[in-house]
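Encoded as structure tokens, the structure appears first; notes follow it.
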Amino acid sequence: MPAERFDFHNSKGLQLAALLDRPEVPPRAVALFAHCFTCGKHNRAARRIAEGLKQCGIAVLRFDFTGLGASEGEFANTTFSSNVDDLVAAADHLRQKLAAPAILIGHSLGGAAVLAAAHRIPETRAVVTISAPADPEHVTGLFGDRSAATGEHDEIEVSLGGRQFHVRRAFLDDIAQQNLAARIATLHKALLIFHAPTDDTVGIDNASAIFLAAKHPKSFVSLAGADHLISRQADAAYIANVIAAWAERYLEAVADVEPADHTEPGEVIVRETGRGQFQQEVIAGTHRLLADEPVAAGGLDGGPSPYALLLAALGACTSMTVRLYADRKSLPLKRASVRLRHGRIHAADCAECETKEGMIDHIDRVITFEGDLDGEQRARLLEIAEKCPVHRTLKSEIDIKTTEAPI
């Protein structure tokens with residue numbers, strides 16, 4: 001489903017151009033995205049991250065700040081504070097039309113803006129910054145020596161990203177008055193910080209300053225190899241997937257958003273996302289994930305393959321079963337890990353198999369037991385691994401009944 005127009009008016013009555021990336025099912029949360037300085041809602045990072053979150057069931061509103069893109073107003077008349085006001089107006093619009101944003105996401109100076117706006121959007125549970133400065137005044141470094149001209153002239157022309165912009169002294173004065181550290185210290189919301197160690201526009205020390213100023217819960221994710229603008233699609237997809245998984249812990253049901261689907265205990269819903277030839281959305285209770293095929297097989301590699309999910313189920317069940325037994329018997333098992341691989345072998349190579357001709361499915365399962373265990377204990381744990389419920393299901397006769405759901 002393409003992004004839909006979701007324009008709104010800011011506190012000055014100017015119409016701001018906005019797009020809502022809405023999942024095909026009712027969203028489980030709504031996010032508000034603030035783009036980088038002088039960028040816009042069509043910026044590649046904003047668009048790709050919003051698309052990724054949409055596939056995870058999260059609606060995302062991205063918009064052009066005043067004077068940028070298709071939004072009304074003059075960019076030269078804007079300040080950091082007016083950008084924060086625009087964010088609050090966007091949140092108000094979402095609250096009226098869909099649901100207040102539970103997640104605020106900001107890229108570069110947009111990250112500083114969401115940190116400053118968070119206390120004015122009470123429904124927000126989680127805040128995410130991407131390559132954000134710890135102090136909004138950092139942006140003046142992009143102006144070079146031209147910023148010195150503000151002592152004599154009310155307006156200067158600066159070149160950013162190959163485009164010319166006019167910035168007034170009021171912008172610099174407003175930024176100089178910001179005390180973002182105090183806002184971060186009193187955020188009272190979960191915080192996730194993304195930053196590339198090699199970011200040469202906003203250095204990694206900014207991420208350290210934000211992290212140290214914030215109270216828990218807070219998390220940091222290194223974007224190794226990424227550039228400041230998150231220009232690679234793989235980096236944007238990674239950010240979206242991490243946000244969706246991380247935010248799950250902090251999100252609460254939003255009254256204005258209907259639950260996407262109801263699944264009974266033990267029930268799973270799988271359906272096409274409409275992206276690529278194979279990609280599927282998997283819903284199990286409150287949990288969501290994607291299944292897909294690798295690019296080499298004609299998929300988008302947006303999630304594990306069906307066989308990878310099957311191996312994951314067997315591996316998880318194996319490790320859980322071993323853990324239960326070790327705890328019950330007070331065995332010194334520190335950690336169990338399971339490595340699995342699926343393939344096909346000749347039936348004749350399987351001494352225990354009833355099938356003696358042709359090819360059969362084969363799973364290699366290698367279990368590592370960490371801890372001060374003796375040989376007898378390790379042997380017993382291997383025996384217990386064979387008793388995991390999923391293992392028994394795969395080895396037993398299975399009856400699968402398929403019917404068509406009524407329309």
Side-chain angles (χ1 to χ4, degrees), residues 1-3 21-25 27-28 44-45 47-60 221 223-226 230-248 260-261 263 266-319 337-347 358-366 388 390-391 393-395 398 400-405:
M1 179 184 299
D21 292 273
R22 191 199 298 257
E24 294 184 4
V25 298
R28 60 191 177 100
R44 279 187 294 182
R47 175 169 47 82
R48 290 169 174 172
I49 292 172
E51 176 68 20
L53 288 171
K54 181 178 75 171
Q55 299 306 321
C56 295
I58 298 175
V60 183
V221 176
L223 295 175
I230 315 298
S231 57
R232 292 193 311 181
Q233 185 169 356
D235 293 326
Y238 174 74
I239 289 171
N241 287 333
V242 172
I243 291 174
W246 168 83
E248 188 73 44
D261 278 290
T263 58
E267 184 181 52
V268 174
I269 295 175
V270 180
R271 62 185 170 208
E272 293 180 307
T273 66
R275 296 189 67 211
Q277 186 176 6
F278 298 115
Q279 192 175 95
Q280 308 290 319
E281 178 186 28
V282 182
I283 305 170
T286 60
H287 306 288
R288 291 170 176 266
L289 64 152
L290 294 177
D292 207 338
E293 290 286 357
V295 174
L300 299 176
D301 199 25
S305 70
Y307 273 106
L309 291 172
L310 178 67
L311 295 179
L314 176 59
C317 183
T318 300
S319 185
S337 58
V338 187
R339 183 182 294 270
L340 306 101
R341 181 180 294 274
H342 169 264
R344 301 271 290 171
I345 63 171
H346 292 283
M359 304 293 289
I360 62 171
D361 287 280
H362 174 79
I363 294 176
D364 278 314
R365 176 174 54 179
V366 180
C388 114
V390 172
H391 178 111
T393 297
L394 291 174
K395 294 285 286 185
I398 304 174
I400 301 176
K401 181 181 180 181
T402 303
T403 59
E404 182 179 3

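Quick note: numbers below take in every heavy atom, side chains included, and nothing from hydrogens, waters or symmetry partners. In this text the structure is predicted, and so the values were computed from the model without any measurement. Starting from 1, each residue takes its place in the sequence as its number.
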Minimum heavy-atom distance Cys317-Cys388, with the two atoms named: SG-SG, 3.0 Å
Quick one: closest heavy-atom pair of Arg48 and Gln233, and the distance? NH1-N, 3.3 Å
Is Gln280 reaching over with its side chain to a backbone N or O of Glu272, donor-acceptor style, under 3.5 angstrom? yes
Sole residue of Val242, Asn241, Asp235 in side chain to side chain contact (heavy atoms under 4.5 Å, CB included) with Tyr238: Val242
Is it true that, when you exclude His342 itself, more than 12 heavy atoms of the residues, nucleotides or ligands shown sit nearer than 6.0 Å to its NE2? yes
Reported CD1-to-CZ distance for the pair Ile360 and Arg344, which is rounded to 0.5 angstrom: 8.0 Å
Go through it in stages, so that I can follow the logic: the residues are His391 and Arg365, the test is side-chain contact (heavy atoms from CB on, under 4.5 Å), and I'd like the CA-CA distance, side-chain angles, deciding distance and then a yes or no. CA-CA 11 Å; His391 178 111; Arg365 176 174 54 179; 2.7 Å; yes
Nearest heavy-atom neighbours spanning Ala291 and Val282: CB-CG2, 4.2 Å
Salt bridge between Lys54 and Glu51, side-chain N to carboxylate O under 4.0 Å? yes
Is any side-chain heavy atom of Glu24 less than 4.5 Å from a side-chain heavy atom of Arg271? no
Contact summary for Arg28 and Ile58, nearest pair of heavy atoms: NH2-CD1, 4.1 Å
Where do Arg232 and Ala224 come nearest, in terms of heavy atoms and distance? NH2-O, 4.4 Å
Over all atoms of both residues, closest heavy-atom pair of Asp21 and Ala50: OD2-CB, 3.4 Å
Test item: Ile239 and Val221 side chains (from C-beta on) under 4.5 Å apart, heavy atoms: no
Quick one: OH on Tyr307 to CG on Leu340, what's the gap to the nearest 0.5 Å? 14.5 Å
Between Thr318 and Leu314, is there a donor-acceptor pair closer than 3.5 Å when you use the side chain of the first and the backbone of the second? yes
